[in-house]
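Comments concern the structure below.
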Amino acid sequence: METTTQPFRSVLYIPGSKERALEKARGLPADAIIFDLEDAVAPDAKAEARQTLARALGDGGYGKRTKIVRINALTSEWGNEDVRVLRDAGADVFLLPKVNNPTDVDALADLLPPEMPVWVMMETAASVFEARAIAAHGRVTGLVAGTNDLAKDLGCRMRADRLPMMHALQTVVMAARAARGVVAIDGVYNRFRDEEGLKAECEQGCDLGFDGKTLIHPAQVEVTNRAFTPAEEEVELARRRIAAHEESEAAGQGVAVVDGQIVENLHVMAAKRLLARVQAISEMEKE
């Protein structure tokens with residue numbers, strides 16, 4: 001398994017049509033921003049939203065935040081024009097909705113510069129069944145769980161424990177990890193004023209292995225960043241495991257022990273990844 005150290009704890013949706021929101025996003029502590037041209041923009045505002053977003057990206061000022069443009073589906077009347085207007089506007093990633101299989105990704109990749117990464121909304125039953133093939137696509141670097149659309153497609157109930165869609169969530173994470181280096185982002189929490197509920201769902205997302213969570217409101221950023229930042233005790237344990245393993249090797253011993261548990265090379269690799277992630281988070285937050 002390989003994971004990126006680039007932080008994606010908080011991935012905030014911002015309407016591509018709202019100049020004030022686009023300006024405010026420059027000062028928000030989100031790790032990444034999804035500039036949304038799909039659900040957040042009414043049909044009669046989509047043409048103007050493209051131009052508004054192109055100007056905002058051209059003006060810059062978003063720092064180290066990953067800039068992700070969610071276009072409309074290519075099967076819609078707006079998707080192709082979204083790509084034409086914004087393909088060279090300064091985005092870091094294009095996010096494609098309504099994906100069912102790798103062929104859908106091909107259609108977008110053919111319209112983008114060859115170096116432009118693609119993220120995919122995993123929001124249909126078909127996409128979950130095809131998750132491993134989608135994640136393995138050469139242009140895909142991220143999978144985003146679209147839990148609202150997925151629940152609609154499945155016809156399942158939206159429960160606090162998310163049990164009805166647990167298999168789908170786990171499949172998204174496993175597909176990302178099997179592909180190596182592909183980011184897995186959890187779905188949104190709709191009750192944006194419910195801080196405790198958000199915290200609980202973030203903790204669940206961490207437990208499942210997601211790299212971060214998509215958000216619908218700036219008020220959710222702080223809670224989410226905190227939840228997806230390794231705790232100090234995790235950081236300290238990682239350092240002690242690395243040190244113990246190095247001491248064991250230097251002494252010619254085959255096994256290191258920390259807190260009564262054997263420390264193997266796989267634990268050291270995981271510890272080093274965690275410390276690299278913490279360092280990347282620190283650098284992001286300094287900015």
Side-chain angles (χ1 to χ4, degrees), residues 2-8 10-17 22 25-26 30-41 46-47 49-123 127 130-146 172 175-176 179-185 211-212 214 280 284:
E2 297 175 7
T3 56
T4 179
T5 58
Q6 172 71 22
F8 288 104
S10 51
V11 183
L12 178 65
Y13 284 103
I14 293 290
S17 57
L22 294 169
R26 293 183 171 94
D31 290 341
I33 299 169
I34 295 176
F35 300 99
D36 192 13
L37 295 173
E38 192 203 17
D39 291 344
V41 180
K46 290 188 184 289
R50 292 185 200 110
Q51 301 302 326
T52 299
L53 178 53
R55 287 193 299 271
L57 291 172
D59 291 341
Y62 293 101
K64 292 183 179 180
R65 300 168 190 82
T66 302
K67 302 179 293 296
I68 305 160
V69 172
R70 181 165 78 165
I71 63 170
N72 290 276
L74 293 179
T75 53
S76 73
E77 61 184 281
W78 308 289
N80 281 272
E81 188 65 9
D82 290 343
V83 179
R84 188 190 70 78
V85 172
L86 290 157
R87 68 189 299 275
D88 299 311
D92 298 313
V93 178
F94 271 68
L95 174 58
L96 183 62
K98 306 298 185 287
V99 171
N100 290 312
N101 54 62
T103 302
D104 295 332
V105 182
D106 288 335
L108 176 57
D110 289 344
L111 301 175
L112 292 172
E115 70 281 0
M116 178 65 72
V118 173
W119 281 20
V120 172
M121 294 298 304
M122 306 295 289
E123 54 189 348
S127 69
E130 294 286 339
R132 187 166 186 183
I134 291 170
H137 192 287
R139 295 291 289 276
V140 170
T141 61
L143 304 180
V144 179
V172 169
R180 300 184 179 273
V182 173
V183 175
I185 306 297
D211 296 292
T214 44
M284 173 75 77

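All figures in this text were calculated on a predicted structure; none of them were measured in a lab.
Among the candidates Asp82, Asn72, Leu37, the single residue satisfying the side chain to side chain contact (heavy atoms under 4.5 Å, CB included) test with Lys46 is Asn72.
Within the model, atoms CG of Leu74 and CD of Glu81 stand 12.0 Å from one another, a figure rounded to the nearest 0.5 Å. Between the CG atom in Asn101 and the NE2 atom in His137 there is a gap of 10.0 Å [rounded to 0.5 Å]. Between the CD1 atom of Ile71 and the CG atom of Leu112 there is a distance of 7.0 Å, given to the nearest 0.5 Å. In this structure, CD1 in Ile68 is found 5.0 Å from CD1 in Ile34, a value given to the nearest 0.5 Å. To the nearest 0.5 angstrom, Leu53 atom CG is 10.0 Å from Gln51 atom CD. If you take OG1 on Thr75 and CG on Asn80, they are separated by 9.5 Å, rounding to the nearest 0.5 Å.
Proximity of a side-chain donor or acceptor of Asp92 to a complementary backbone N or O of Lys67 within less than 3.5 Å is detected. A donor-acceptor pair under 3.5 Å links the side-chain atoms of Arg87 to the main chain of Leu111, judged by distance alone. Proximity of a side-chain donor or acceptor of Arg139 to a complementary backbone N or O of Met116 within less than 3.5 Å is detected.
In the displayed structure, Arg132 atom CZ is contacted under 6.0 Å by at most 12 heavy atoms of other residues, nucleotides or ligands.
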query: Yes or no on side-chain contact (heavy atoms from CB on, under 4.5 Å) for Met121 and Leu95, after CA distance, side-chain angles and deciding distance?
result: CA-CA 7 Å; Met121 294 298 304; Leu95 174 58; 3.6 Å; yes
query: Going through the checks in order, is the side-chain contact (heavy atoms from CB on, under 4.5 Å) test met by Phe35 and Leu86?
result: CA-CA 11 Å; Phe35 300 99; Leu86 290 157; over 6 Å; no
Can I get a per-line list of side-chain donor-acceptor pairs under 3.5 Å for residues 10-17, giving both atom names and the distance, sequence neighbours left out?
residue	atom	partner	partner atom	Å
Ser10	OG	Asp31	N	3.0
Ser10	OG	Asn225	OD1	2.7

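Salt-bridge annotation for Lys98 and Asp104: absent, with no side-chain N of the basic residue lying under 4.0 Å from a carboxylate O of the acidic one.
At least one side-chain heavy atom of Met122 sits less than 4.5 Å from a side-chain heavy atom of Ile134. Contact annotation: the side chain of Arg70 approaches that of Asp39 to within less than 4.5 Å [non-hydrogen atoms, C-beta and beyond].
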